[in-house]
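Presented below is the structure to which this report refers.
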Amino acid sequence: MKDGKMAEHLGETHELKRVMGPGLLLLFIVGDILGTGIYALTGQVAAEVGGVVWLPFLVAFAVALLTAFSYLELVTKYPKAAGAALYTHKAFGIHFLTFLVAFAVMSSGITSASTASRAFAANFVASTGLASGGLTITLVALAFIALVAVVNFRGVGESVKVNVLLTVVELSGLLIIIGIGFWAIMGGQGDVSRAFTFQPAQDHGLFWSVIAGTTLAFFAMVGFEDSVNMAEECKEPSRIFPKVLLGGLIITGIIYVLVAISAITLVPAADLGEGETPLLKVVQAGAPGFPISVFGIITMFAVANSALINMMMASRLIYGMAREGVLPALLGRVHAKRRTPYIAILFTTSIAVLLITFVGAVPALGGTTALLLLCVFAIVNIAVLVLRKDKVEHKHFRTPTIVPVLGAISCVFLAGPWTGRDPIQYTIAGALIAVGILFWFITVRVMKTSVQPA
């Protein structure tokens, strides 16, 4: 039985619902990029470079922009769900490589969502005064990821509406930081000169310190790639993606630089790098009368948005690859009433539950997310060049050839151990890929068995 026939046999006769226009897509992209990274990592970046905390964010933006151009060519050329895995499948036609890319992207989304879930739980426990033990945080995080699954199952329309609300809240939090910073600057408070002071954490020069900071800041820039997995739920994706994706990246890049400048102006790098709530310190320093609990709630909304969007992406990726025959067709089933990939949602949520329960370290999971995506981005940049020989009938975006070349080189460079990346990130990523390889053998076995004649 062929894969398409197999999907039909399993009841997969429905298509995803196209509900996202330019406005919703822009909010999706902005909301996905903003979130856990900038709220949690500003202090860690400051610890690496000192006052020039904005510089690693700017470098991370430049690297992300190179790869975004490659994604634009591919998503407008092949406007389907599955994103990087689909492009790898079309470019190289190697089932094993396609599967690993799909699993890496899925893992990056789930590790990011798990990171956000743990961060949400920690803020929730602190805000409500519950016992702050590890078990309490784990239980709250598990309850939260279950709620995300319910919203995801109800449909992309409901999910995007929640995303709009959460994006507005998290954006307001960052605008508050920017406003507090510039109000303080106008009032003569703080020290703007700190924003141009380089203070390496160790005996490193400017270049390697900025590179180390960039590997941290890159986690704050990822998210734009999730949008291509929503292509089948967008209206006219080949037409709207270029302006919307580039617009979303530019908006978030500007916000990040302004937040970083505001933060370092009000709080010295040494203080900003201590603890897990750097932006809360900025509020306390620049506007001591501002209700801290309100900003804590905004932070919770921000990380909640990251979790929702990443779980939406992961489930749509699994659905898309099942449609392409790379994963068992069972994972491509769409609920008849809700028209959502419910089996894929259940599968990705189960993995998130395992990560939250047995890993749980927020910095390690965040770094692993960036590491996995850098490797995937390198492959996507190469795939653009390989697929130039594949012509399609409709018009699509075309990026200059030098852009994917530079994108591939920069991604490979930032993924290497010479950047000062924490070794635990390679351990976690290696373990996830090992699970992926094992799952690949199981998948091949299942698919071979399912096509045997009755």
Side-chain angles (χ1 to χ4, degrees), residues 11-12 14-20 24 27-28 31-32 35-36 81 106-125 127-128 130 135-170 223 226-227 229-230 232-233 297-320 322 330-360 365:
E12 208 300 70
H14 306 280
E15 294 182 353
L16 298 180
K17 190 174 183 180
R18 295 188 182 275
V19 299
M20 299 179 71
L24 286 179
L27 284 171
F28 182 93
D32 199 1
T36 309
M106 181 199 70
S107 297
S108 72
I110 298 174
T111 52
S112 180
S114 301
T115 303
S117 299
R118 295 285 303 197
F120 177 92
N123 278 277
F124 180 83
V125 168
S127 299
T128 57
L130 294 175
L135 178 60
T136 302
I137 292 177
T138 299
L139 291 176
V140 172
L142 291 174
F144 172 74
I145 203 67
L147 179 60
V148 168
V150 171
V151 175
N152 197 359
F153 169 73
R154 285 191 57 82
V156 71
E158 286 78 1
S159 299
V160 169
K161 289 175 184 176
V162 174
N163 166 244
V164 169
L165 172 63
L166 297 180
T167 297
V168 171
V169 173
E170 68 181 343
D226 290 347
S227 62
N229 294 292
M230 308 300 293
E232 289 189 38
E233 289 160 290
I297 293 173
I298 291 174
T299 302
M300 289 168 59
F301 272 89
V303 298
N305 202 26
S306 296
L308 174 61
I309 293 177
N310 277 283
M311 293 306 289
M312 287 173 65
M313 177 278 294
S315 60
R316 269 58 178 186
L317 186 150
I318 293 297
Y319 156 82
L330 175 65
L331 292 169
R333 294 187 68 174
V334 175
H335 194 270
K337 183 178 180 181
R338 304 306 311 179
R339 293 176 66 183
T340 51
Y342 67 106
I343 300 295
I345 292 171
L346 179 62
F347 177 76
T348 51
T349 301
S350 299
I351 296 179
V353 167
L354 292 175
L355 284 172
I356 291 169
T357 304
F358 297 108
V359 179
L365 287 172

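If you read the sequence from its start, that first residue is 1, and numbering goes on from there. Small disclaimer: the values here were computed from a predicted structure and weren't measured. All values below come from the heavy atoms of this structure, side chains included, with hydrogens, waters and symmetry mates left out.
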* Which pair of heavy atoms, one from I145 and one from T349, lies closest together, and at what distance? ->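 Heavy-atom minimum between the residues: O-CG2, 4.3 Å.
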* To do: Identify the heavy atoms of F124 and V140 that sit nearest to each other, and give their distance.
  =>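 Minimum heavy-atom contact is CD2-CG1, 3.9 Å.
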* **Partners passing side-chain hydrogen bond (donor to acceptor under 3.5 Å, both in side chains) against T111 (at least two apart in sequence or in another chain)** => T369
* Contacts of T167 that satisfy side-chain hydrogen bond (donor to acceptor under 3.5 Å, both in side chains) - sequence neighbours left out ->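 Applying side-chain hydrogen bond (donor to acceptor under 3.5 Å, both in side chains) to T167 gives N163, N305.
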* Take R118 and T138 through the test side-chain contact (heavy atoms from CB on, under 4.5 Å) and record every step on the way to the result. => CA-CA 7 Å; R118 295 285 303 197; T138 299; 2.9 Å; yes
* Roughly how far apart are L331 CG and I345 CD1, rounded to 0.5 Å? ->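 Between atom CG of L331 and atom CD1 of I345 there are 12.0 Å.
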* To the nearest 0.5 Å, tell me how far S350 OG sits from L355 CG. =>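 If we round to the nearest 0.5 Å, S350:OG and L355:CG are 11.5 Å apart.
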* Asked: Which residues satisfy the ring pair (Phe, Tyr, Trp, His ring centres under 6.0 Å) test with F301, sequence neighbours excluded?
  -> none
So, using side-chain contact (heavy atoms from CB on, under 4.5 Å) as the criterion, who are the partners of [X] when residues are at least two apart?
X	result
L147	none
T348	M106, I110, M311, A314, S315, I318
A304	F120, F144, L166

* Asked: Among S112, S114, S108, which one satisfies side chain to side chain donor-acceptor pair (under 3.5 Å) with N310?
  ->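 Exactly one candidate clears the test, S112.
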* Would T340 and R316 satisfy side-chain contact (heavy atoms from CB on, under 4.5 Å), going step by step from the backbone distance to the final call? -> CA-CA 9 Å; T340 51; R316 269 58 178 186; 4.1 Å; yes
